[in-house]
Amino acid sequence: MANSHQAPKGTRDFYPADMAVRRHIEAAWRGASIRHGFDEIDGPTFEHLGLYTVKSGEGIVNELFSFRRAGGENDYALRPEFTPTLARMVAARGSALPVPTKWFAVPNFFRAERPQRGRLREFFQWNVDLLGLDTPGADSEVIGTAIAALEALGLKQGDVTVKLSHRGAVAGALRAVGVPDEQLGAAFALLDRRDKLPPEEFAKRAAALGATGDLGEAITRLARATAPASAGLDGLARDVGVPAAELGALEALRDALRAAGIEDWCQWDCGIVRGLAYYTGVVFEIHAAGERAVAGGGRYDGLVELFGGPHTPAVGFGMGDVVLGNLLRDKGLLPADGMELLPRPDVFVVAANDAAAAQMPSIVSSLRRAGLHARHSYKATRNVGKLLGEAGKSRARFAVILGDGCVGAGAGGGTGAGMGEVPGGIVQLKDLGSGEQRELPMSELISALKS
RNA sequence: GCGACCGUAGCUCAGUUGGCAGAGCGCCAGGUUGUGGUCCUGGACGUCGCGGGUUCGAGCCCCGUCGGUCGCCCCA
């Protein structure tokens, strides 16, 4: 391999089979989005660097691919996520947008991380956002859209779990042990890192938050509290250590999930926090055993305001193609060879002699003008066996054999009269699935292929 | 940014104590004035990731570098 140029670290080349897999996933995303009433949007691939420090701080710059035009003064960054662009687009339209506004996007993103399983430097992520409503029904609709896409890809209930929590409900539990309101954010962060910190460090930080009760014990309780979404909330309330009445937000969400028929996919998990500070209500992640989270999202009622827009309640999620692709492969839901996902030709045309070959270009053109996916051999050989082999490999449904007036099933060993006179003449139409072959006039070919 | 393991044909890999770079699959062409995804024969394809070092001689040993894989940090 004398190729001295390599693709940049953490990027992928999409050869046809890979591209077919990518389109397969994107088709499921788009289909679920559209069926649920979302409209597709997109924004620029790069933004002003400052857009990304608004909500994430300067620290994020290390995770970005940022650049400055030669001789320019503005700093830009390749987009690492969609939410800032979305918030900017919403803010720019002010209150002119309908309520609700339901948008989705399937952009590529760039993060300057060290690649590892499920994490690359360029990836595709499906973003779904519902703006303008702060109802449990909106939360449920967004979650249902994610599930619909996973189902379309062949995943079943039990393959993945939607783990749900609610910032409001968890905040209630934290307040119950005396965490002051201004420390709730820090307490969330600690809950998020509960199992990553050494026990002493965890205890030290818990003690520093000024709770009147044992915060460490309360956080551990929260981190362990799980229950099926279909079950009553009494048990979860007991595990969390609050009266069931405190979990009203979960009850309303549970009712919405039940109405949408997806509660059996869902599980309460108070250990789900999401790293971002801006989540204000429901937060959720979709997990499968042995993989990173397939998707994550939640309610962020204050974010559009943060970017200069009107107060806009919103709920949304992101689902990346890398982890999802790994999961589908592990579950045997992707073909071993992605070529199987490419569009199948309707017809593959071969010529059995030179006269027929001369007619091929105009015949193939007319098939294509008629809307058919038509391919043909580029080989010089007139060996019909080889040509049909090629037709078979193309996965075409039918082969059309031109100039084959005297050989083959049903042809009856003609005299050779008419060979080469394809227009108006006879062609052989072979069903490559069944092997059946019949002859018909050229004039009937298109209607035969379209029926 | 840190650590571990790995880089030989398009793909999967073999390659002995350091001694002339191999196989299968795939691809291309013939066997076949002819009906497919079978078979037979032949062919093309390699600076052994790249650069340096040790050696009479390096795919093999040493150093560096670039990739890949898997962890850590981070995770929008």
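A, B, ... follow the sequence lines: proteins, then strands. Residue 1 opens every chain. Excluded from the calculations below are hydrogen atoms, water molecules and symmetry mates; all remaining heavy atoms, backbone and side chain alike, are included.
- Note on A/Asp431: a base of the nucleic acid sits closer than 4.0 angstrom, heavy atoms only.
- Atom name P, nucleotides B/G59 and B/C20: the rounded distance is 10 Å, in whole Å.
- Among the atoms of the strands shown, none is found under 4.0 Å from any heavy atom of A/Glu390.
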> Given A/Arg205 and A/Glu201, is the salt bridge (charged side-chain N to carboxylate O under 4.0 Å, His left out) satisfied, shown in steps?
Replying inline: CA-CA 6 Å; A/Arg205 294 194 190 187; A/Glu201 179 68 17; 2.9 Å; yes

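- Between the P atoms of B/C66 and B/G19, the separation comes to 31 Å (whole Å).
- B/U41 is paired with B/A29 under the Watson-Crick or G-U wobble criterion, all donor-acceptor distances under 3.5 Å.
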>> Between A/Phe46 and A/Tyr76, is the ring-ring contact (aromatic ring centres under 6.0 Å, His included) condition met? List the steps.
In response: CA-CA 7 Å; A/Phe46 62 95; A/Tyr76 301 100; 5.4 Å; yes

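- In this model, the phosphate group of B/G3 is not approached by any side-chain N or O of A/Arg114 to a distance below 4.0 Å at OP1 or OP2.
- At least one side-chain nitrogen or oxygen of A/Lys379 sits closer than 4.0 Å to the OP1 or OP2 atom of B/A29.
- Within a 6.0 Å sphere centred on CZ of A/Arg68, other residues, nucleotides and ligands contribute more than 12 heavy atoms.
- Rounded to whole Å, the P atom of B/C70 lies 38 Å from the corresponding atom of B/U54.
- The side chain of A/Lys393 contributes no N or O atom lying less than 4.0 Å from OP1 or OP2 of B/G26.
- With both pairing distances under 3.5 Å, B/C56 is matched to B/G19 as a Watson-Crick or G-U wobble pair.
- Within 4.0 Å of A/Gly389, counting heavy atoms only, lie sugar-phosphate atoms of the nucleic acid but no base atom.
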> Does the salt bridge (charged side-chain N to carboxylate O under 4.0 Å, His left out) test come out yes or no for A/Glu26 and A/Arg23, once each step is laid out?
Replying inline: CA-CA 5 Å; A/Glu26 289 175 349; A/Arg23 291 296 189 217; 2.6 Å; yes

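- For B/G42 and B/A58, the C1' atoms lie 34 Å apart once the distance is rounded to whole Å.
- Contact annotation for A/Leu387: no contact, since no heavy-atom pair falls under 4.0 Å across all strands.
- Under a cutoff of 6.0 Å and an axis angle of 45°, A/Arg375 and A/Phe348 do not form a cation-pi pair.
- A donor N or O paired with an acceptor N or O is found under 3.5 Å between the base of B/C74 and the side-chain atoms of A/Arg119.
- Counting non-hydrogen atoms under 4.0 angstrom, A/Gly435 reaches a base of the nucleic acid.
- Close to B/A76, at under 4.0 Å from its OP1 or OP2, lies no side-chain N or O of A/Arg111.
- Taking the centre and axis of the six-membered ring of A/Phe202, the NZ or CZ atom of A/Arg193 falls outside the cone set by 45° and 6.0 Å.
- Within 4.0 Å (heavy atoms only), A/Arg12 reaches no atom of the nucleic acid at all.
- Only the C1' atoms considered, B/C28 is 31 Å distant from B/G67, to the nearest whole Å.
- A residue-by-residue look at A/Thr381 and A/Gln125 shows that A/Thr381 has its nearest nucleotide of RNA chain B further toward the 5' end.
- Across all strands shown, B/C70 pairs with B/G3; the Watson-Crick or G-U wobble distances both stay below 3.5 Å.
- Base pairing analysis places B/G24 opposite B/C11; the two distances defining the Watson-Crick or G-U wobble pair are each below 3.5 Å.
- Spacing of P atoms, B/U8 relative to B/G49, comes out at 6 Å, to the nearest Å.
- B/G3 and B/G64 have their P atoms separated by 11 Å, with the value rounded to a whole Å.
- Between B/C70 and A/Arg117, a contact under 4.0 Å exists linking OP1 or OP2 to a side-chain N or O.
- If you take atom P in B/C39 and the same atom in B/G34, they sit 23 Å apart, rounded to whole Å.
- Look at B/U47: it lacks any Watson-Crick or wobble partner with both distances under 3.5 angstrom.
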